[in-house]
Every structure is written in C-alpha cells, then in structure tokens.
Amino acid sequence: MPAHDVLIIGAGLAGQRAALAAAREGATVAVMSKVQPVRSHSVAAAGGINAAISIDDDWRSHAYDTVKGSDFLGDQDAIEIMCAEAPAEVMHLEHIGVTFHRNERGELDLRAFGGASMKRTAYVADITGQAMLHVLYEQLMRRHETVDTYEEWFTTSLLQDAEGSCCGAVARDVRSGRMEAFTAKNVILACGGAGQAYKPTTNGLIVTGDGIALAYRIGAPLMDMEMVQYHPTCLVETGILITEGARGEGAHLLNSQGERFMQKSAPNKMELASRDVVSRAEQIEIDEGRGVGPDGNGLYLDVTVVPRKRTLEALREIVSLGKDFAGVDITREPITIRPGQHYIMGGVKTDVDGRTPIEGLYAAGEVACVSVHGGNRLGANSLLDTLIFGRRAGEHAAARAASMGMPEPDTVAALRRDSELIESIISRPREGRRVSEIKDELGELMNREAAVFRSREGLERARETVARLKEESAQAWIDDRGTVFNQDVLGAIELGYMVDCAEAIVLAALERTESRGAQFRTDFPARNDDEWLKHIDISLNGDGPRVSYSPVTITQWQPEERKY
C-alpha cells in the first residue's frame, strides 16, 4: 500500500506547484491525476498572469484592483499575500524556463486585462497556461526520486482516521480497473473547478467538481459557491473561450447596430471592465434584441482594430480557433461571441496556507476558496492563485508531515466500500436514464437558472430539478461493463460530484438576497453591505446541506461603490 508524507490529487498548476514546494522541503510526495498531467485544465489558460513587476506598479495597487474586482467580498489578508508574493513567483517561473513575451527593450512585456488600473499581465502569446504547465512538469520529472506520479488514477473517496483527520484516498487505476488505497500524512486537493455542471462551459470534460465534492462529503465546508463567473467572450457555436487578451490588445465589442455598448455601463474601462460587468452588459444587449447571429444570441468581437501583425504575434491561438470552429479570419472580420460559464470563485474553504477545517486536508487552485476572488475574479489572477497558494499549501503540508508519524486508516473497509459502489454502478439494469442525459439536463438547467441573471423563481425551479436529478443519477445506467479504461463508470461517479456542486451553487444563490459580483438577482438588484458583506458557507449535515456564514476580512479598503 503506497504511503507518502503528502498526497496531491490533481496535477495542474496548483498540484505541480504544491508538489515541487513539498519536495523541496524534504517531504515524500505523490501526485495523482485522472489524466496525463499536461492534459490538466490549466493548459487551457490563455491570457496571462498578473504581477506588479513594472517599475511604475505596486502590489498594493494590484491588491486594491483585486478587492474592487471581488465586489469587496474577497478576504483582504489573502489578497495582500497573493499580490505581494506575485512578482517573485513570476520571476521564478521565468528563471526556470517559462518563455514570457518580451518587449523591444528585452523586458517582460505586460498587457492590459479587465479590472486592472494598469498593464500588469505577463503572457506567452495566448498559451500562457500551456507554457507554464509544461515547464513545471519538466521540473517535476527532475524530482522523480522524491515525487511519485500516478497518472490516470481516479479518486473515489478520501480516507479519514478515527479522529476525523484526512489521511489518504482510495483511487481506481483507469488503465486496469484496479482499486488501491493511498495513505498519506496530508492530502492536498488541486483538482480544479466544476464547470461541467454547466452547459456550455469553457471548461474541459475533466472539470467535474471532484475535489469540491470529495471534501464536502467528509465534512469540509464550501464557501462562496454562488459566485460563478461567466466569461464575456466565448464562441456562440461551441462555448470555446476567446481570451480576454484580445480585448487587452484593443478589440471592441459591438452590438447589431455597430455600437460599442460598453460605453453605457463602463465608460472609463469600456471592454476592460471586470468580467461580471461586461457579461451583464452583453446579456442585456442580447435580451433587449440588439444581438447578432441567426437567433440574435451573440455579439461581435472586433479584433480587426488590432494591427494584424500584433494579432498574429500575440493572439495566434484564437486566430486558429476562429478559423477552425467558427470559419472566421479574425484579422479580417469580427467573430460572434456570447457570455459563457468559465470559473467557480467558490470552493473548499481554506486559509492562506491551504488548510481546510478538516485536519490533514488542504486545497489549492480553483477547487479552493481562500477567498481571493470573492464575488468576481479578475482575469489573469487565476494562474497566480494556483501558484501562490499551491506553493504555500505544499510548504505547510511538508512541515506538518515532518512532525508526525504515518497514520493507519482502515483501508480494507474503504476499499471494500468503493469497490462495491463501482460494481453496483456497472450492474445497474439498463432502464431509466443514461448518465449523459442527466448531465445534459443539469448543464442546461444551470445555464438557464443560475447564470448571468438569477431570480428566486428560477433558482427554486433549479433546486427542485437538481433534487430530482440527484435521485436519478444514483440509478443512471452505463454501457461499458469492463475494467480497462472504463470511462462510463467514471462518468457516473463524476455526475454525482457535479450534482453535489450544483446543489451547493443553487442553495447559496437562493440564500444571498442581493446582487454582488457574479451573483445578480433580478429580484434584489442592489448590493446590500449591511446584511450581506459576509461569506455563505455550505456544509453537509446528515444527508443534506446546511447554511452558515463567516465574516469577510477587511484590512485596508472599506467597501465602496464599484464603478468602471
């Protein structure tokens, strides 16, 4: 039975950064991923990473922009740490081989991103996440003697000892179907968000809320789950992301009348207002009949105003995406976009060292809620979040491991329980609904009722439907009855994870009777600091969710009206 000081579940940027930090501190480390690590969803991050590295910039300005972007729901102590440590982290990446774009003076070039008071986004064309992930993976391979990697292993549950501490996980080898228990002094969840609970989404098929649900099921609270980010520019046809870097380079948003409609809601920042502001402005144009396309469900993103040479240099990936998925040469004509689900600001509640209230359990990256994003994440702060808090979680977990012995959980009972679950899924009669049908209904429901605009009536419908889908998902049948690469059985388990996440999102959205950040209630259109300047926490109480609250940490910046 494998045993390690630190077991990291998820091998994207947060997981790999945590692994490198823990190994550097002398811990024995295992990294487990349900896909090959460089296929982790971090590879899809396009636009860049924020850091106050310009001589004209200051981390406090970055922190204020982040606090403002969060609609004052972000915890300012955590935001200060992230922004203060950002320059050193970006320089560390550059020193280990990330080929950031440079300007004519040979310095790291910086582009403008939404909600920022100045240019502070370092980038590698529009493949920043891919470039960073590959470099970190190279570093991980250098440490093969102290870091074990388990590629294509799917986590089915977390292990706990008699005192309730987290001390490992049960997982299935996707290639063979073999079940194994992994004992660890500490577990770090780094397995991303829950975007596949929505349809469409910019998130890859692997982003199914695994870590959020696994932690929730053993008693860890979730925080800010109502805060779901819609990205302003996604292809109408497919939901594929068109990077914010396009607007950072100067692209315009236009309605059917050729109007730059952002003048009405963000006259100072225009297309580079925060993402929630831009997405709402877009949805208003569409809802009021000024959309474009066959059904009027899109708007134009006009990149032709950017010099063609610059577009081909700094936005080459979306040039290809436009041609391949929309049949449009974005250097010569506008492309049709709409808002699309992109990111979960909420997640497993943690402190600034990644610790959850469950002893021995950590979380970092999109699976976690520190909360540095609050009600709305600024573009290019997500990669920064994964690296800063991945590193901090790895360091803290390694230090904790050095002071304790290896736990001895009841792995036999856990293995039997999870093996029986999988056998029960495989043996379900082929009647009722398929996994894919339930997943589609869930995604369309969430995109309709828990999207850019929300109302009590719609959220109540969503709550009732999610409850029904939860029952149906427990009986959904699959085709594949084998063991080797049985993705059907994994999809059935993932569906359960997504339903748990959707239930928490809807409950929190119903609970917050105000509009703040990504949560816009049409029946409560104003922000209400007197009643709602607080986090909503969701925890599992028996068989159902329980709501509680925790305060927002304010250090320097008192809430004010948010204008762009």
Side-chain angles (χ1 to χ4, degrees), residues 1-40 42-43 81 85 88-98 129 131-153 155 158-159 166-169 171 180 182-192 211 350 352-356 359-365 367-368 383-407:
M1 180 181 66
H4 298 83
D5 291 335
V6 181
L7 170 63
I8 299 166
I9 301 173
L13 288 173
Q16 293 192 31
R17 190 67 183 92
L20 291 167
R24 186 174 182 179
E25 296 299 314
T28 59
V29 179
V31 180
M32 183 184 298
S33 174
K34 66 180 180 181
V35 294
Q36 208 282 335
V38 296
R39 292 182 180 272
S40 302
S42 298
V43 79
I81 287 171
E85 296 183 1
E89 188 66 31
V90 170
M91 297 312 299
H92 167 72
L93 291 170
E94 197 271 342
H95 291 163
I96 63 174
V98 176
M132 290 165 57
L133 191 67
H134 279 256
V135 169
L136 286 187
Y137 188 59
E138 291 168 1
Q139 297 297 312
L140 205 61
M141 293 300 96
R142 290 182 62 195
R143 291 193 173 267
H144 65 276
E145 294 180 355
T146 55
V147 179
D148 295 328
T149 56
Y150 294 88
E151 300 176 5
E152 296 182 319
W153 281 78
T155 306
L158 298 175
L159 293 172
C166 185
C167 52
E180 185 72 83
F182 293 76
T183 301
K185 297 177 182 178
N186 302 280
V187 174
I188 301 176
L189 297 172
C191 27
T350 73
V352 296
D353 291 313
R355 292 182 296 177
T356 76
E359 192 70 20
L361 181 63
Y362 296 72
V367 69
L383 295 183
L384 183 60
D385 172 17
T386 64
L387 295 167
I388 297 295
F389 295 105
R391 173 180 56 77
R392 292 176 69 92
E395 290 170 349
H396 197 281
R400 181 177 181 270
S403 64
M404 62 182 292
M406 190 63 66

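Side chains are part of it too, since the values below use all heavy atoms of this structure and drop only hydrogens, waters and symmetry mates. Just so it is clear, the structure is predicted and the values come from calculations on it, not from any experiment.
In terms of the salt bridge (charged side-chain N to carboxylate O under 4.0 Å, His left out) criterion, E138 has no residue partners (sequence neighbours excluded). R39 is linked by a side-chain hydrogen bond (donor to acceptor under 3.5 Å, both in side chains) to nothing, counting only residues two or more places apart in sequence or in another chain. Residues that satisfy the salt bridge (charged side-chain N to carboxylate O under 4.0 Å, His left out) test with D385, not counting sequence neighbours, are absent from this structure. Under the ring pair (Phe, Tyr, Trp, His ring centres under 6.0 Å) criterion, H396 pairs with Y362, not counting sequence neighbours. R143 pairs by the side-chain hydrogen bond (donor to acceptor under 3.5 Å, both in side chains) definition with nothing, not counting sequence neighbours. Every residue meeting the side-chain contact (heavy atoms from CB on, under 4.5 Å) condition with V43, not counting sequence neighbours, appears here in chain and number order: Q130, L133. Every residue two or more places apart in sequence or in another chain that forms a side-chain hydrogen bond (donor to acceptor under 3.5 Å, both in side chains) with K185 is listed here: D5. Residues that satisfy the salt bridge (charged side-chain N to carboxylate O under 4.0 Å, His left out) test with E180, not counting sequence neighbours, are R178.
For the atom pair CG of L159 and CG of L7, the computed distance is 9.0 Å after rounding to the nearest 0.5 Å. Expressed to the nearest 0.5 Å, how far OG1 of T356 lies from CG of L189 amounts to 8.0 Å. To the nearest 0.5 Å, the span separating CG on L361 from CZ on R355 amounts to 12.5 Å. Note: H4 NE2 to Y150 OH = 4.0 Å, rounded to the nearest 0.5 Å.
A distance-only check finds no donor-acceptor pair linking the side chain of H134 to the backbone of A131 [under 3.5 Å]. One N or O on the side chain of R392 and one on the backbone of V352 form a donor-acceptor pair closer than 3.5 Å. Between the side chain of N186 and the main chain of A397, a donor-acceptor pair closer than 3.5 Å is present. Side chain of S33 to backbone of V35: a donor-acceptor contact under 3.5 angstrom is found.
Across G168 and V187, no two heavy atoms sit closer than the pair N-CG2, 3.5 Å. What you find for I9 and A169 is that their closest heavy atoms are CD1-CB, 4.0 Å.
Looking at I96 and L136, their side chains come closer than 4.5 Å, going by heavy atoms from C-beta outward. Considering only heavy atoms from C-beta on, T146 stays 4.5 Å or farther from T28 through its side chain. Looking only at side-chain heavy atoms (C-beta outward), P37 and E151 come within less than 4.5 Å of each other. Put simply, the side chain of V6 reaches to within 4.5 Å of the side chain of I188, judged on heavy atoms. For the pair T155 and M32, the minimum side-chain heavy-atom distance is below 4.5 Å. At least one side-chain heavy atom of L93 sits under 4.5 Å from a side-chain heavy atom of L387. For the pair R400 and E359, the minimum side-chain heavy-atom distance is below 4.5 Å.
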ask   = Step by step, would you call D148 with V29 a side chain to side chain contact (heavy atoms under 4.5 Å, CB included)?
value = CA-CA 6 Å; D148 295 328; V29 179; over 6 Å; no
ask   = Step by step, would you call K34 with W153 a side chain to side chain contact (heavy atoms under 4.5 Å, CB included)?
value = CA-CA 5 Å; K34 66 180 180 181; W153 281 78; over 6 Å; no
What pairs of donor and acceptor atoms, side-chain ones from residues 10-26 against any protein atom, are under 3.5 angstrom apart with sequence neighbours left out?
| unit_1 | atom_1 | unit_2 | atom_2 | d |
| --- | --- | --- | --- | --- |
| Q16 | OE1 | Y137 | N | 2.9 |
| Q16 | NE2 | A11 | O | 2.8 |
| R17 | NE | E89 | OE2 | 2.7 |

